[in-house]
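Written below as structure tokens is the structure these notes are about.
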Amino acid sequence: MNTPLAWLGAPELVPLWSAVRLRLIRNGRAARGRLSLRALDDRQREVVGLLIGRPVAAQVTIDLAELDRALASSAAAAGLIEVIEALTGPVPDRPADAAAEVTRRDQLREHGRVAVEAAGIADQDWAARWLDSLWRSGVLARLTSDEARRLITAATTALGLTLSRPSTPWSRTELAERVTGTAHGLDDDTLLARLVLRGIALALTGSSEPPPDAPPGGHCGSRPVSPATRSPPPSSPTGCAHSPTTGCPVPSGNEPTNTPKPT
């Protein structure tokens with residue numbers, strides 16, 4: 001702040017600037033309305049009175065539009081927003097931010113709709129429920145718009161490759177290479193793997209949660225099958241069947257995974 005503005009940073013004006021900042025945030029950065037300051041001490045009353053050009057008592061009501069004009073015509077030669085930002089940092093525009101977030105969500109939903117169409121799974125009823133679970137989960141709120149679009153595209157592409165009709169079997173590393181360009185793109189600790197597994201679970205079981213015996217992400221090279229076929233899980237060369245949601249070995253026959261065989 002330059003020398004003509006330095007006096008505006010006086011400690012006695014801190015209560016005023018704090019109250020003004022909060023009001024500007026609520027107002028969408030508009031200098032309108034009035035606010036009251038209470039319990040001012042003698043020195044604060046003196047400095048605030050010098051600022052607004054009139055004597056003030058221990059409680060004073062200040063019109064923000066008048067203060068804006070007074071600052072602009074003073075030696076400061078700066079409006080209220082400029083002064084507050086110089087003293088306290090950028091003032092967010094909450095209404096504009098909220099409107100921008102609504103627009104962002106709408107754009108991501110449209111991107112999801114187009115991605116599902118492009119992946120060839122729009123005609124499958126689980127796809128709409130999968131998208132709905134994605135919007136409700138809040139995971140996209142932590143991503144930039146570009147990151148969210150890339151995630152949606154990759155997840156729908158992976159689901160289309162494994163669950164469209166007719167489907168094609170893929171190992172997890174093959175699918176990761178195809179969708180992300182790296183064999184580790186669907187590793188257990190990735191958000192993409194969780195979203196794809198959720199879609200597979202919805203398609204095969206009607207639930208967005210993997211079955212209790214499914215390790216996260218599938219450790220054995222997932223080869224999902226299409227829900228259109230619903231064929232029994234194939235046996236592996238070692239004599240174990242493979243889970244349709246994870247591709248991991250499960251016992252052939254009907255005994256539970258964790259039930260020891262009788263000795």
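Note that the structure is a prediction, hence the values are computed from the model and not measured.
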Rounded distance [0.5 Å steps], [atom1] in [X] versus [atom2] in [Y]:
| X | Y | atom1 | atom2 | value |
| --- | --- | --- | --- | --- |
| Trp135 | Ile152 | CH2 | CD1 | 4.0 Å |
| Ser73 | Leu71 | OG | CG | 8.0 Å |
| Leu108 | Leu131 | CG | CG | 11.0 Å |
| Arg136 | Ser133 | CZ | OG | 6.0 Å |
| Glu147 | Leu151 | CD | CG | 9.5 Å |
| Leu35 | Arg23 | CG | CZ | 5.0 Å |

Can you name the nearest heavy-atom pair linking [X] to [Y], along with the distance?
| X | Y | result |
| --- | --- | --- |
| Ala115 | Thr156 | CB-OG1, 3.4 Å |
| Val116 | Ala127 | CG1-CB, 4.2 Å |
| Arg172 | Asp188 | NH1-OD1, 2.7 Å |
| Ala19 | Leu37 | CB-CD2, 4.1 Å |
| Ala31 | Leu80 | CB-CD2, 4.1 Å |
| Val91 | Glu85 | N-OE2, 2.9 Å |

Tell me whether [X] contacts the main-chain N or O of [Y] through its side chain, where contact means a donor paired with an acceptor under 3.5 Å.
| X | Y | value |
| --- | --- | --- |
| Gln124 | Leu163 | yes |
| Arg178 | Thr157 | no |
| Asp187 | Thr190 | no |

For the pair [X] and [Y], find out whether any cationic side-chain nitrogen is under 4.0 Å from an anionic carboxylate oxygen.
| X | Y | value |
| --- | --- | --- |
| Arg149 | Asp146 | yes |
| Arg105 | Glu101 | yes |
| Arg109 | Asp106 | no |

With a 4.5 Å limit on heavy-atom distance, are the side chains of [X] and [Y] in contact?
| X | Y | answer |
| --- | --- | --- |
| Val83 | Asp68 | no |
| Trp170 | Leu186 | no |
| Leu51 | Leu16 | yes |
| Trp130 | Leu159 | yes |
| Arg26 | Leu22 | yes |
| Val60 | Arg54 | yes |
| His111 | Gln107 | no |
| Trp126 | Leu204 | no |

Is there a path of hydrophobic side-chain contacts, each under 4.5 Å between heavy atoms of I/L/V/M/F/W/Y residues, joining [Y] to [X]?
| X | Y | result |
| --- | --- | --- |
| Leu40 | Trp7 | yes |
| Val139 | Leu143 | yes |
| Leu87 | Leu50 | no |

Original post:
Is there a donor-acceptor contact under 3.5 Å linking the side chains of Arg34 and Thr61?
Top reply: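 Distance-only check fails for Arg34 and Thr61.
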Original post:
Just by distance, with hydrogens left out, do Thr173 and Ser171 show a side-chain donor and acceptor under 3.5 Å apart?
Top reply: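 Ser171 and Thr173 do have a side-chain donor-acceptor pair below 3.5 Å.
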Subject >> Ala65: partners by side chain to side chain contact (heavy atoms under 4.5 Å, CB included), with sequence neighbours left out >> reply: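 Ala65: side chain to side chain contact (heavy atoms under 4.5 Å, CB included) contacts with Asp63, Arg69.
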**OP:** Show your working on salt bridge (Lys or Arg N to Asp or Glu O under 4.0 Å) between Asp42 and Arg45 and close with a plain yes or no.
**Re:** CA-CA 5 Å; Asp42 290 344; Arg45 290 167 56 190; 3.5 Å; yes
